[in-house]
Amino acid sequence: MFDTIRKIISNGKRFLITSHIDPDGDALGSVFSLYWVLKSLGKDPRVYLKDHVPYRYVFLPGPSEVLHTLSEETFDAVFVLDCGDLFRIGDGFEKVKNMGTVISIDHHETNEAFGEINIVERSASSTAEVLYGLYKSMEIDFTYNIAVNVYTAVFTDTGSLRYENAAPAAFIICEKMVEEGVKPAYVAQMVYESHPKERFLLLGEVFGTLQTFDGDRIAMAHVTEEMFRETGTTSEYTDGFSEEFRKIRGVEVSVFIRQTGAKRYKISMRSKGTIDVAQICSRFGGGGHKNAAGCTINGELIEVEEQLKKTFNLDDSLQLAAG
Ligand code: AMP
Ligand code: MN
Ligand code: MN
């Protein structure tokens, strides 16, 4: 299955590695682990990420320079990791098609097979799990820099080995990476217990917007640009907010709405029941997984909320609490 990629790697020298906007642990751990693997093989990899590395992931070892703009350079291949569609790379995404053979390695249900080569394992917990298979087939040496990135990617994309996708493979990979020297307590502290206090001021504001519908089956909350301004925070402080509302007893889907422009909102959905949120988000041009998905909707907040309620067949008479 990895034959073609192994050949491309061994015959090539210069590679570009990229992933999605608002990079999460899997995006970063996948990109950085592949960076170190290619380095260990004497290759010349570059990393491009539209957005900067969020504070909770700055501890991950990566290249000394992450590119945030795409030049006119060409590469032997461009690895697009953890992206269901090319658009997820962010502005300028079309450019990568002319920069080299596009190789998509991913695990999203909604993957569009946009690469020239596509390795998509929908049952994998994370993109890093797919890459782990590649690394093993290449018999690479799992140095600490590779191991800590693989571990963090698998660990965060499975919600600390708690979500539906936490199958034996995820545990086995984490175990192996711990054997290679990864310290779980250190990673957990970096990722989950290193927030600036402003995050909690913002979370307090967001808690105030919580509404539940349909006998508490659906929870909805939002954050506006004004709330970011008031608390001195940015969008990266909201990582994990959506999971927060899924913790409510009875809630099957949490919908978190984040303002990204004057009339533009990023929606994050989390499901813990049978409702497939990837399918719901794909109606709005987004996608993801059955239990975690996202999309963007344009309009005023009130209109966006109305559209979302309509997709869940909710009307205001079902609302139990309003913030
Ligand atoms: P998020 O809510 O941004 O944490 O994303 C949850 C899941 O849905 C992740 O696996 C994302 O890769 C995916 N996702 C989020 N936004 C989009 C989008 N606009 N299009 C496709 N997939 C998305
Ligand atoms: Mn991701
Ligand atoms: Mn992922």
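Ligands are counted one by one from 1 in listed order, and the atoms in each one are counted from 1 as well.
The protein non-hydrogen atom at the shortest distance from atom 11 (C) of ligand 1 is R88 NH2, 3.4 Å. Nearest protein neighbour of atom 3 (O) of ligand 1, counting heavy atoms only, is K266 NZ, 2.6 Å. Of the protein's non-hydrogen atoms, G294 O, 3.5 Å is the one closest to atom 18 (C) of ligand 1. Looking at atom 7 (C) of ligand 1, its nearest protein heavy atom turns out to be A292 O, 3.3 Å.
In this structure, the side chains of E243 and Y163 come closer than 4.5 Å at one or more pairs of heavy atoms. Put simply, the side chain of V223 does not reach to within 4.5 Å of the side chain of Y237, judged on heavy atoms. Side-chain contact between V130 and D106 is absent, with no heavy-atom pair separated by less than 4.5 Å. Using a 4.5 Å heavy-atom cutoff, the side chains of F284 and T311 are in contact.
Minimum interatomic distance between P184 and V182 (heavy atoms only, all atoms of both residues): CD-O, 3.3 Å.
Contacts of F155 classified as ring-ring contact (aromatic ring centres under 6.0 Å, His included), with partners at least two apart in sequence or in another chain: Y151.
Checked against a 6.0 Å centroid threshold, the rings of F207 and F245 count as neighbours.
Summarising the contacts of atom 5 (O) of ligand 1 with H108, H289, E109, R270, the nearest heavy atom is found in R270. In this structure, of S282, A293, G84, the residue bringing a heavy atom nearest to atom 8 (O) of ligand 1 is A293. For atom 14 (N) of ligand 1, the nearest non-hydrogen atom from the set G240, A27, G287, C83 comes from G287.
Where the criterion is an N or O separation shorter than 3.5 Å, residue side chain and backbone included, T296 fails it with respect to ligand 1. Considering backbone and side-chain N/O of I267, none are found under 3.5 Å from N/O of ligand 1. Backbone and side-chain nitrogen or oxygen atoms of D82 are examined, and none is located within less than 3.5 angstrom of a nitrogen or oxygen of ligand 1.
Around the Mn ion (ligand 3), the protein contributes the following N, O or S atoms under 2.8 Å, ordered by chain and number: D26 OD2, D82 OD1, H107 NE2, D157 OD2.
When distances to the Mn ion (ligand 2) are checked against a cut-off of 2.8 Å, C83 contributes no N, O or S atom below that limit.
In this structure, K136 places its NZ atom where only 12 or fewer heavy-atom neighbours from other residues, nucleotides or ligands lie under 6.0 Å away. Atom CZ of R6 is surrounded by more than 12 heavy atoms from other residues, nucleotides or ligands within 6.0 Å.
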Please list every donor-acceptor pair under 3.5 Å in which a side-chain atom of residues 169-180 meets a protein atom from a residue at least two apart or in another chain.
none

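A salt bridge is defined here as a Lys NZ or Arg NE, NH1 or NH2 lying under 4.0 Å from an Asp or Glu carboxylate O, and E72 with K95 meets this definition. The existence of a salt bridge linking K309 and E306 is confirmed by a sub-4.0 Å separation between a basic side-chain nitrogen and an acidic carboxylate oxygen.
Within the 4.0 Å heavy-atom cutoff, H20 does not count among the residues contacting ligand 1. Contact analysis leaves S242 out of contact with ligand 1, as no non-hydrogen atom separation drops below 4.0 angstrom.
Of all atoms in ligand 1, numbered sequentially from 1 with element shown, those under 4.0 Å from a heavy atom of G288 are 8 (O), 13 (C), 22 (N). Below 4.0 Å from some heavy atom of S268 lie the following atoms of ligand 1, by number and element: 1 (P), 2 (O), 3 (O).
Other members of the cluster containing L70 are L16, Y48, L67, F75, V78, V80, L86, F87, I89, F93, V96, M99, V102, F114, with ILVMFWY side chains joined at under 4.5 Å, either directly or via other members.
Considering just the N/O/S atoms of H20, the one nearest the Mn ion (ligand 2) carries the name NE2.
Between the side chains of T127 and D82, at least one donor N or O sits under 3.5 Å from an acceptor N or O.
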